J.: 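A single structure is presented below for examination.
One-based numbering, in listed order, for ligands and for the atoms of each. Along the sequence shown, residues are numbered consecutively beginning with 1. No experiment lies behind these values; they were computed from the predicted model shown.
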Amino acid sequence: MAENQNSNETELLHHSEVREVIRPDNEVLMERRSSKPEICRVFTAASTGLKEDRRYRFEIDREARKQLPDIIGNTVQTVVAGASPDPDSLKRYGRRRNIGIVFSGGPAPGGHNVIAGVWDAAHKANPQNRLHGFILGPDGIIENEVVELDQQRVDAYRNLGGFTMIKTGRTKIDTAEKMSLTRKTCKSLGLDALVIVGGDDSNTNAAFLAQELLEDGVQVIGVPKTIDGDIQVRDAGGNVLCAMSFGFHTAARAFAGAISNLCTDASSDVKYWHICKVMGRVASHLALEVALQTHANMTLIGEDLADYIDQQRLETAAGRSETDFTAYGMTLRHLSRIICDGIVRRAAAGKNYGVIVIPEGVLEFINEIQMFIIKLNTIIAEYNATRDIDFHGGFPLLEDKMEYLRRLAQRSREDSSFTIWNTRDDDLFNDIPEFFREGLLTERDSHGNFQFSLVETDKVLMELVKDYLGILKEQGVYRLGIHRPYYRKTLKAAGLDPEVYGSLLFENYGDGDLLLRKPTIISMKTLEQELAKSEALKNGETVPAAVEKIFKKSMPGFKTQTHFYGYDGRGNDPTRFDCNYAYNLGLTVFSLIAGGATGQMAAIKNLELDFSEWEPIGVPIAPLMHLEERKGRLALVLEKSVVEVDSNAFRVVKAMREKWLAAEPGDDDFRRPAPIQISGGGEEDRPLTLKLNAIGLHEKDQPA
Ligand code: FBP
């Protein structure tokens with residue numbers, strides 16, 4: 001019997017239709033793989049060279065000068081067409097090279113095209129050139145886990161998302177031992193150059209490696225990768241050198257596509273508030289782009305909250321001739337009030353549904369939480385620096401961690417010089433819900449960063465929102481507006497006079513298309529009382545069914561669906577913008593290597609302009625570095641860029657808030673972004689934030 005079944009299944013699997021159905025690829029995928037990215041004009045030349053561009057200035061940090069002496073003097077390099085005919089430079093350009101490449105940090109769509117770009121340029125220069133991919137990120141370098149790439153492997157991943165070809169990892173090469181193992185690997189492979197495709201921390205690492213490997217003759221080139229969009233480089237004069245990392249556009253578009261579908265569903269089913277947390281670590285760039293792409297009803301932007309001043313609280317205190325210092329900075333509670341305000345206003349307009357976008361790093365901008373994140377980062381880093389076992393190994397359970405914090409608070413009472421964790425901190429921390437305390441105490445990543453993606457930010461906020469909406473419902477403020485025609489129709493159908501009940505039930509029966517229940521009517525009891533008071537209800541009579549129906553309709557329930565947009569968008573196949581951008585970054589990398597550069601990050605200037613204006617350059621990493629606290633210590637790093645509240649993109653979103661909240665009768669103002677596709681004219685060509693922030697740039701911001 002079993003044998004029979006097996007042979008039936010084998011037969012089935014051989015059926016041509018079944019084979020077609022279970023094929024792992026499809027036409028669209030094949031078209032994507034074979035699609036050729038556009039190439040900046042300079043790369044069509046037989047060879048390229050580098051031209052120093054001294055118009056850009058940098059404010060150099062003293063510590064950077066000390067720690068990176070040999071690459072601190074690097075300048076911006078523009079990729080130019082090689083001088084031809086110049087047999088010497090062609091020979092230099094085409095000399096045989098061994099290049100290693102590694103992905104570092106989270107995946108970002110376009111990574112495979114960086115590899116394809118390096119491969120194509122290297123093979124055009126010399127078919128003997130070799131490209132080695134380190135497996136599983138920087139660990140692959142440290143442990144010499146490497147695969148030599150070939151045409152077939154490179155072609156199999158062209159224009160495809162993920163870092164599947166060689167994988168990635170988050171290890172940082174930050175100790176003398178790891179450095180020495182790295183040197184060993186580079187020597188054993190005979191590498192001429194090492195390419196690090198990563199975020200701000202990985203490019204920081206690239207600068208240190210460039211310094212370290214200089215005497216071995218190994219050039220190190222960085223590539224700006226991260227969906228977070230927080231690598232944005234300007235010189236000291238504010239001139240844009242790198243407006244955006246690759247991967248951002250795709251992730252934002254993928255999130256926006258999914259969130260836009262929720263907008264459609266929400267406004268069809270009209271019963272849910274969809275709470276969408278989107279990735280981006282600290283910065284809210286992704287949330288901002290999603291807002292522009294979808295016009296979701298509410299989008300929180302962390303950076304906006306940091307500068308928050310509660311004018312109302314200030315004015316109330318001023319009335320008492322006092323200053324209320326608590327009015328400066330946002331609290332979680334206050335933020336939940338702002339969200340409630342939007343929900344209540346939409347409900348009054350008859351819309352008890354909507355879509356809220358919350359950046360995963362929003363808590364970083366809430367003063368009270370930021371304080372805990374900084375303090376706990378320091379406590380954990382100090383513990384790890386002085387013990388053989390790390391903090392999380394030492395205290396596996398939340399209760400153990402809490403006990404350790406209690407002991408620190410005790411220490412602060414005995415020793416006034418110990419200030420990192422005092423009794424007040426401990427008390428406040430104990431007031432936070434357990435799951436959130438656990439979140440704030442989660443393991444930091446290898447760079448000492450707080451892992452926002454692991455914290456249920458949305459849950460923290462929405463619990464407060466739910467609580468407060470409950471109060472507002474009790475106060476009769478959270479109520480659903482009832483369309484006047486519907487009210488009249490319902491009462492008339494029941495043989496009741498709408499005019500008699502209208503002014504008893506609603507506070508605005510005299511005007512308004514959407515009728516608002518009086519705040520005093522919050523239950524069947526209070527409804528009965530209100531009707532009895534005006535003798536619409538005689539002794540012993542019950543509330544007419546039609547009136548009860550209207551009352552119940554006006555009582556909103558707050559139902560939510562939560563969603564997290566992160567890993568899915570990060571794994572999406574790249575947009576045409578990211579395909580082109582990443583591929584040209586790969587070509588730029590090879591030009592930098594062939595031009596003898598090291599400690600440079602490949603970049604493309606003018607991304608906001610037409611493709612024909614794109615300008616491949618090398619940006620010196622060392623002069624961009626400055627001191628920042630990491631793992632409780634000052635360290636040289638590349639600055640993360642966050643959303644600027646005076647940027648055009650943010651100002652547009654702020655100006656459109658009221659319209660997109662759509663807290664009035666009528667349709668929502670949702671926008672449907674086009675799907676991500678590599679061919680056809682449907683795909684929007686570049687990030688909307690990039691377009692908006694570039695307005696006026698080319699008239700005033702270019703270096704003299
Ligand atoms: P990178 O900075 O390494 O590009 O990673 C970005 C990111 O996707 C963040 O948006 C997110 O907070 C984090 O990675 C998630 O980390 P992990 O992949 O380790 O869960």
J.: Contact between Ala108 and ligand 1, counting heavy atoms under 4.0 Å?
T.: no

J.: Between Arg281 and Asp200, does any side-chain N to carboxylate O distance fall below 4.0 Å?
T.: no

J.: Would you mind checking which non-hydrogen protein atom is closest to atom 19 (O) of ligand 1, with the distance to 0.1 Å?
T.: Arg170 NE, 3.0 Å

J.: Which of the atoms of ligand 1 are close to Ile227, meaning less than 4.0 Å from one of its heavy atoms?
T.: 8 (O)

J.: So which protein heavy atom does atom 2 (O) of ligand 1 come closest to, and at what separation?
T.: Arg281 NH2, 3.3 Å

J.: Quick check on contacts: which atoms of ligand 1 are under 4.0 angstrom from a heavy atom of Gly106?
T.: 1 (P), 3 (O), 4 (O), 5 (O)

J.: Scan side-chain atoms only and decide if Asp458 and Thr562 contain a donor-acceptor pair under the 3.5 Å cut-off.
T.: no

J.: Say whether His334 and Tyr308, considering side chains only, have a donor N or O and an acceptor N or O under 3.5 Å apart.
T.: yes

J.: What protein heavy atom sits nearest atom 15 (C) of ligand 1, and how far off is it?
T.: Ser453 OG, 3.5 Å

J.: What's the shortest distance from atom 20 (O) of ligand 1 to any protein heavy atom, and which residue and atom give it?
T.: Tyr567 OH, 2.6 Å

J.: For atom 12 (O) of ligand 1, which candidate among Gln451, Glu360, Met279 holds the nearest heavy atom?
T.: Glu360

J.: Heavy atoms only, cut-off 4.0 Å: how does Asp228 contact ligand 1, side chain, backbone, both, or neither?
T.: side chain

J.: Hey, which atoms in ligand 1 end up nearer than 4.0 Å to a heavy atom of Lys225?
T.: 1 (P), 3 (O), 4 (O)

J.: Please determine whether a side-chain nitrogen of the Lys or Arg among Lys691 and Asp685 lies less than 4.0 Å from a carboxylate oxygen of the Asp or Glu.
T.: yes

J.: What protein heavy atom sits nearest atom 7 (C) of ligand 1, and how far off is it?
T.: Arg570 NH1, 3.6 Å

J.: Does a side-chain N-to-carboxylate-O contact under 4.0 Å join Glu608 and Arg686?
T.: no

J.: Can you confirm whether the side chains of Glu360 and Thr457 place a donor and an acceptor under 3.5 Å from each other?
T.: no

J.: In plain terms, say whether Arg158 and Asp120 are close enough for a salt bridge, that is, a side-chain N and a carboxylate O under 4.0 Å apart.
T.: yes

J.: Looking at every heavy atom in both Ala649 and Asn693, which two are closest together, and how far apart are they?
T.: N-OD1, 2.9 Å

J.: Are any of the N/O atoms in Gly105 less than 3.5 Å from those in ligand 1?
T.: no

J.: For the aromatic rings, using the six-membered ring if either is Trp, is the centroid distance between Tyr383 and Tyr404 under 6.0 Å?
T.: yes

J.: Is the shortest N/O to N/O distance between Thr226 and ligand 1 below 3.5 Å?
T.: yes

